[in-house]
Amino acid sequence: MDWVYVKNVNQYDGQEITVKGWVYNKRASGKIWFLIFRDGTGIMQCTVLKNEVAEEVFELKNTLTQESSVIVTGTVRKEDRSPGGYELTVKEINVVQIADEYPITKKEHGSNFLLSNRHLWLRSAKQNAILKIRHTVYYAICNYLNDNDFYRFDSPILTPNACEGTTTLFEVPYFDLGKAFLSQSGQLYLETGIMSLGRVYDFGPVFRAEKSKTRKHLTEFWMMDAEAAYVEHAQNMDIQEELIRYVIRTVIEKNLQELKILGRDIEQLKKADAPFKRMTHKESVDFLRSKGSEIGDKDDLGSADEAMLTEASDVPVFVEKWPKETKAFYMKRDGDNPDLVLGADLIAPEGFGEIIGGSQREDDHDILLERMEKENMSIDEYQWFLDLRKYGSVPHSGFGVGLERLIGWMSGVAHVRETIPFPRTIYRIKP
Ligand code: 4AD
Ligand code: MG
């Protein structure tokens, strides 16, 4: 007997197949009962008729509990009224295990309860849909990079120094060498990679000891850092725009079903696949003030500012050319105004906020050294990074995509904690 995944049953109309999975739900009415079956790839209704199965199979309507594991054999039948378009007329049900009373039911549960039961919550339809979109976004990013000459270059997680400032570093004891830190971003290492390979990226977990309690912050999240030699600021934004538009199209192509389960406004998502807007930090501050914000000349944009800035925009907005004090030490100064740096944040519409941070990098040895000294950084620790500016320095740029923020936007899910299998926040490390 063919073992078939529910997502592929349309290829088996009229044939006998076997599916392996779990009881999602069941409904009984006299001589017929329905097993709502799920196997991870999809959900399918299985019809059990009293006259067509053995007595003990029919009686399972009384004993099968939610999430019991079952192997079901039957005939595929096209049924337009059914959600997936196909049903199974059951011949045989093999029970693998009868599940204990399942803690997560159809009724509303509080988010604390669900997070404590994250290991089980992952099975529910919405979480299943988000996980599938995560899969798509991950591979879409890798495909785009692969098709555009980026080599994968894995940066270390245990590092001797900070990439994004010392205030959000996690420390770990490191044998006789003292302290090591969990990486906040692989960027500095990627800058070494481009001098060998031209264009590189990494993709993995990064860590920030952020005290933030917002719906956009995790302490462990996934970042894709990309870096390219001879690419300057404007082209850096072009690459980001192309990448994100490719991700949008791929999610719409592969995950229409999941977007519907999540109630995502798909038309809104389609509208974002158009040229992105670009404005300077100063323009954004002026705009926000005209709307009543009290943002200062050199302030970072708060979550409310980001929402206000994109309120009237269907597409993401790049905010570029930031005051140098606001941004990290490695950003290149603007040739037209040395008080500004050639960095850009990409702000997603619909209130989803910053999804990418990127910049052209300072490639002048002495300017970089001066900036690092001003910030009291240990020159000894970063000598290798400065070396890149001594041995064939080139203009170069890169950016980091926050995977969970991007998935949140694609899925229309407000809180990033639902976009990663096991979210880590200041309050939660279990399960
Ligand atoms: O803007 P960030 O801090 O940039 C960097 O780390 C650069 N070194 C990247 C680079 O140029 N290669 O972080 C990049 C993105 C942010 O735009 C945001 O989407 C996400 O990472 N991010 C977080 N996501 C979840 N939780 C947090 N605490 C995050 N902090 C940043
Ligand atoms: Mg940032």
Side-chain angles (χ1 to χ4, degrees), residues 134 137 141 145 150 153 155 159 161-170 181-194 199-228 231 233 236-237 239-240 243-244 247 281 299-303 305-306 316-320 322 326-332 341-348 352-362 385 396-410 413-420 423-426 428:
R134 182 178 173 102
V137 173
I141 292 173
L145 293 164
F150 285 83
F153 180 87
S155 57
T159 58
N161 39 34
C163 178
E164 295 297 315
T166 51
T167 54
T168 63
L169 279 177
F170 276 111
F181 305 101
L182 299 182
S183 176
Q184 299 164 309
S185 156
Q187 178 201 323
L188 307 189
Y189 290 96
L190 290 191
E191 289 187 49
T192 71
I194 57 165
R199 288 182 170 203
V200 296
Y201 74 98
D202 67 11
F203 208 153
V206 293
F207 305 86
R208 306 254 171 121
E210 303 237 31
K211 294 260 159 61
S212 315
K213 301 164 196 168
T214 79
R215 56 192 177 82
K216 292 174 184 159
H217 289 88
L218 296 165
T219 54
E220 174 179 331
F221 63 98
W222 278 57
M223 186 165 351
M224 188 288 289
D225 295 283
E227 197 74 24
V231 165
H233 176 59
N236 192 35
M237 290 190 285
I239 295 171
Q240 295 168 48
L243 165 68
I244 297 300
V247 171
H281 178 265
D299 284 352
D300 201 352
L301 305 187
S303 188
D305 296 319
E306 290 178 347
V317 177
F318 282 108
V319 178
E320 57 164 335
W322 290 69
T326 331
K327 288 291 182 191
F329 74 98
Y330 51 71
M331 292 194 185
K332 187 174 177 64
V341 290
L342 297 175
D345 282 0
L346 184 63
I347 317 295
F352 286 94
E354 181 193 333
I355 51 171
I356 300 184
S359 72
Q360 183 164 346
R361 319 305 190 186
E362 185 52 73
F385 188 65
H396 64 285
S397 305
F399 59 93
V401 179
L403 180 63
E404 287 72 22
R405 301 243 187 116
L406 179 55
I407 297 165
W409 173 37
M410 292 297 106
V413 171
H415 206 304
V416 288
R417 68 188 172 201
E418 289 188 45
T419 64
I420 186 166
R424 299 292 178 240
T425 59
I426 43 174
R428 185 175 290 279

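Read the numbers this way: they start at 1 and go in the same order the structure lists the ligands and their atoms. What you see is a predicted model, and the numbers here were worked out from it, not measured in a lab.
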Atoms in ligand 1 with a heavy atom of [X] nearer than 4.0 Å:
| X | value |
| --- | --- |
| Ser185 | 6 (O), 7 (C), 8 (N), 9 (C) |
| Asp225 | 9 (C), 10 (C), 12 (N) |
| Tyr330 | 7 (C), 8 (N) |
| Ile356 | 17 (O) |
| Ile355 | 17 (O), 19 (O) |
| Glu210 | 28 (N), 30 (N) |
| Gly357 | 1 (O), 9 (C), 10 (C), 11 (O), 17 (O) |
| Gly402 | 15 (C), 19 (O), 20 (C), 21 (O) |

Between [X] and ligand 1, find which residue part has any heavy-atom pair under 4.0 Å and reply side chain, backbone, both or neither.
| X | answer |
| --- | --- |
| Glu164 | side chain |
| Met223 | side chain |
| Phe221 | side chain |
| Arg361 | side chain |

Closest by any non-hydrogen atom to atom 6 (O) of ligand 1: pick that one out of Glu220, Lys327, Arg208, Gln187. Arg208
If we only count heavy atoms from C-beta on, is the [X] to [Y] side-chain gap below 4.5 Å?
| X | Y | answer |
| --- | --- | --- |
| Phe170 | Phe181 | no |
| Met223 | Leu403 | no |
| His217 | Val416 | no |
| Phe399 | Ile239 | yes |
| Tyr330 | Gln360 | no |
| Phe153 | Thr192 | yes |
| Val247 | Ile141 | yes |

[X] near ligand 1, heavy-atom distance under 4.0 Å?
| X | answer |
| --- | --- |
| Glu227 | no |
| Arg405 | yes |
| Arg417 | no |

Output yes when a side-chain donor or acceptor of Gln184 lies under 3.5 Å from a complementary backbone atom of Glu164, and no otherwise. yes
Without swapping roles, check the side chain of Gln187 against the backbone of Gly400 for a donor-acceptor pair under 3.5 Å.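 No, the answer is negative, given that no donor and acceptor are paired below the 3.5 Å cut-off.
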Candidate pair Glu320 and His233, rule side-chain hydrogen bond (donor to acceptor under 3.5 Å, both in side chains), full reasoning: CA-CA 9 Å; Glu320 57 164 335; His233 176 59; 2.7 Å; yes
Glu354 N/O/S atom closer than 2.8 Å to the Mg ion (ligand 2): yes
Test log, rule side-chain hydrogen bond (donor to acceptor under 3.5 Å, both in side chains), inputs Ser359 and Arg361: CA-CA 6 Å; Ser359 72; Arg361 319 305 190 186; 2.7 Å; yes
For atom 14 (C) of ligand 1, grab the closest protein heavy atom and report residue, atom and distance to one decimal in Å. Gly400 O, 3.4 Å
Atom 16 (C) of ligand 1: closest protein heavy atom, distance to 0.1 Å, is Glu354 OE2, 3.3 Å
Residue pair Thr326 / Asp300, side-chain donor-acceptor N/O under 3.5 Å: no
Test of proximity, Leu218 against ligand 1: N or O pairs below 3.5 Å: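 It does: an N or O of Leu218 is found under 3.5 Å from an N or O of ligand 1.
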